[in-house]
Amino acid sequence: MSRSSAFSLGRIGRCLLASIPAIALFALALGLPSLAPTVAMAQGADFKRSYIEPFPRGDRYRVLVLGDSFAEGLWSGLYRAFQEDANMEVINRTKPSSGFVRIDSYDWSKAVDDILKDETYQIAVVMFGANDNQAIKSGKEYVKPGTDAWDELYGQRVEAFIKKLRAKGIAVYWAGLPIMRSPDESDEAEDLNEVYREKSFINGAKFIDTWSGFTDESGRYSAFGPDMSGQVRRLRADDGTHFTTRGYLKLAHFAEKEIRRDLSLAKLERNIPLAGNEDEQAKVMGRVVSPGKPLPLSGQFTETPAEETVEQPQAQVQGEGQVEAPVAAEGEAALPAPPAVQQSKVGEVDVVRPVISQTTLEAAQNMTPQAAASLADSENIASDLPGGLTALASISAVNDPSVASSKPRLPLTQRPYYRVLIKGEQLKPKAGRADDFTWPRS
């Protein structure tokens, strides 16, 4: 298959993958299995609701910008985009005239180790490609760009770079290259984008497609276009490759939009007390947490004034946090058992609430992922229950194609959708099917 046809299928795949939702439901359902939460399971990994760390150190997010001259301009746009956010810090660690090819001049694999050695970051925005269309030295030989061998060597370096960032728990956003004025340079940018997209998809980074943001109505290169105010301005520099100041602001907007969306999901995870204590969260979310502290039963009820005190039947304790129905006096109807109350510390918040039943927790783990797919996204639900109790649920959409609702049966690179939509391969049709054009018919 030619590179152009592979690229076309790849573009179709990106559009389809962007529409794949993964729903995460985390609920407080007080003894009602029908209100049990649903959790989407990651492919071969523990599920995580938000892509960005919800509890950064000092309640401040540090955004690390890495890359070449493209990334340097991208940093300037991101800095202005987040300058009014007091809890966001955008840090420039770019290096113009660098890349993954000439590691003898600047080795990003070693540089990222030094950058991450003593500092903590939650977000990384990456952009490369301005200087990487040249031969890679492999041993004593040089591998020319545009070949499968070059793609393999270059992809290995990109993959190692992403893995080092992800190993530190950093949310990685890889900005793709834009269209270029020169047709040859555009073809080279498309080839590099295919490598970035594939390695990002496999290693848990998010690829940000910027190509169509800088084309005209016919999909061709244009130095002019609408800026962030909607006015048609010059966005590309005279070299036909880089951007003007307005252009970098628009380029940064593509990354800013994705980051803000994931920050919203991270803020929803901050409301974790609504979902139960640490023990219940550990069972549903698969987290290592400290156990909660149950409230003594003697502290469950408000004292009645002495002059209004009425002798009440005593409740009998059956187990931790469980209360048997009070024994009624002879000739009187049995009184209903008061709800078991539990007190726990979730983060820095003290939570006092009725205990969630074991049935609900088991249902949260076992409910099928198909049920989650039918739920609305980004919605909080509250429902009043009998006895003055309240059920709370938080439903959030995770816009991450690396999160799916079932464990894979095949390795990622062997799955049909990956081969067709990401790699652009053409699968052999089944005999006799409408797309089987073999002749004569068998």
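Side chains included, hydrogens not; waters and symmetry mates left out as well; all remaining heavy atoms used.
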**Request:** Output, in order, the C-alpha distance, side-chain angles, deciding distance and verdict of side chain to side chain contact (heavy atoms under 4.5 Å, CB included) for N203 and V158.
**Result:** CA-CA 10 Å; N203 296 283; V158 171; over 6 Å; no
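- Partners of R234 by salt bridge (Lys or Arg N to Asp or Glu O under 4.0 Å), not counting sequence neighbours, listed by chain and number: D238.
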Identify each donor-acceptor pair in which a side-chain atom of residues 116-125 lies under 3.5 Å from a protein atom, sequence neighbours left out, and give them as a table.
from: E119; atom 1: OE1; to: R62; atom 2: NH1; distance (Å): 2.9
from: Q122; atom 1: OE1; to: R62; atom 2: N; distance (Å): 2.8

**Request:** Starting from the C-alpha separation in whole Å, work towards a yes-or-no answer on ring pair (Phe, Tyr, Trp, His ring centres under 6.0 Å) for Y196 and W174.
**Result:** CA-CA 7 Å; Y196 300 147; W174 197 292; 5.0 Å; yes
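- The OH atom of Y51 lies 10.0 Å from the CD1 atom of I170; values are rounded to the nearest 0.5 Å.
- With sequence neighbours left out, P226 forms a side-chain contact (heavy atoms from CB on, under 4.5 Å) with K250.
- I103 pairs by the side-chain contact (heavy atoms from CB on, under 4.5 Å) definition with D107, R157, not counting sequence neighbours.
- Residues passing the side-chain contact (heavy atoms from CB on, under 4.5 Å) test with T245, sequence neighbours excluded: R80.
- Residue-environment remark: OH (Y79) stays at or below the threshold of 12 foreign heavy atoms within 6.0 Å.
- We find the CD-CD1 distance between E258 and I208 to be 5.5 Å, quoted to the nearest 0.5 Å.
- Listed by chain and residue number, nothing satisfies the side chain to side chain donor-acceptor pair (under 3.5 Å) test with N87 (two or more places apart in sequence, or in another chain).
- Taking the six-membered ring where the residue is Trp, F100 and F128 present tilted rings, their angle falling between 30° and 60°.
- T94 places no side-chain N or O within donor-acceptor distance of the main-chain N or O of L66, the cut-off being under 3.5 Å.
- R246 contributes atom CZ, which lies 16.0 Å from atom CG of L251 (distance to the nearest 0.5 angstrom).
- For E84, the CD atom counts as loosely surrounded, since its 6.0 Å shell holds 12 or fewer non-hydrogen atoms of other residues, nucleotides or ligands.
- Checking side-chain atoms of S200 against main-chain N and O of R197 turns up no donor-acceptor pair under 3.5 Å.
- A donor-acceptor pair under 3.5 Å is absent between the side-chain atoms of S218 and the main chain of R220, judged by distance alone.
- Partners of T244 by side chain to side chain donor-acceptor pair (under 3.5 Å), not counting sequence neighbours: none found.
- Side chain of Y61 to main chain of V90: no donor-acceptor pair is present (N/O by atom type, distance under 3.5 Å, no hydrogens or angles).
- Judged purely by atom type and a 3.5 angstrom limit, D227 has no side-chain atom pairing as donor or acceptor with the backbone of L235.
- Under the 3.5 Å distance criterion, the side-chain polar atoms of T210 are matched with a main-chain donor or acceptor of G176.
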**Message:** For R181 and T241: C-alpha separation, side-chain torsions, deciding distance, then whether side chain to side chain contact (heavy atoms under 4.5 Å, CB included) applies.
**Reply:** CA-CA 7 Å; R181 181 172 60 194; T241 300; over 6 Å; no
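- Under a 3.5 Å cut-off, the side chain of S105 and the backbone N or O of R102 do not form any donor-acceptor pair.
- Residue pairs that meet the ring-ring contact (aromatic ring centres under 6.0 Å, His included) test with at least one member in residues 227-246, sequence neighbours left out, are F70-H242, F214-F243, F243-Y248.
- With rounding to the nearest 0.5 angstrom, the CG atom of L74 is 11.0 Å from the CD atom of E72.
- Rounding to the nearest 0.5 Å places CH2 of W150 at 13.0 Å from OG of S138.
- The shortest side-chain heavy-atom distance between M127 and L177 falls under the 4.5 Å cut-off.
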**Message:** I'd like to know whether Y154 forms a side chain to side chain contact (heavy atoms under 4.5 Å, CB included) with I136, so could you lay out the CA-CA distance, the side-chain angles of the two residues, the decisive distance to 0.1 Å, and finally the verdict.
**Reply:** CA-CA 8 Å; Y154 190 80; I136 295 179; 3.9 Å; yes
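- With sequence neighbours left out, W75 forms a side chain to side chain donor-acceptor pair (under 3.5 Å) with no residue at all.
- Atom CG of N133 and atom CG of L192 lie 7.0 Å apart (nearest 0.5 Å).
- Other residues, nucleotides and ligands place no more than 12 heavy atoms under 6.0 Å from the CZ atom of R57.
- In this structure S97 satisfies the side-chain contact (heavy atoms from CB on, under 4.5 Å) test with no other residue, sequence neighbours excluded.
- Remark: R260 engages D85, E256 in a side chain to side chain donor-acceptor pair (under 3.5 Å) (not counting sequence neighbours).
- A side chain to side chain donor-acceptor pair (under 3.5 Å) check over residues 161-173, counting only residues at least two apart or in different chains, returns the pairs S109-K164, D113-K164, Y173-D262.
- Residues E194 and E198 have side chains not in contact (no heavy-atom distance under 4.5 Å, counting atoms from C-beta outward).
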**Request:** Please assess Y221 against R236 for the test side chain to side chain contact (heavy atoms under 4.5 Å, CB included), listing each intermediate value before the final yes or no.
**Result:** CA-CA 10 Å; Y221 171 87; R236 304 302 291 270; 3.2 Å; yes
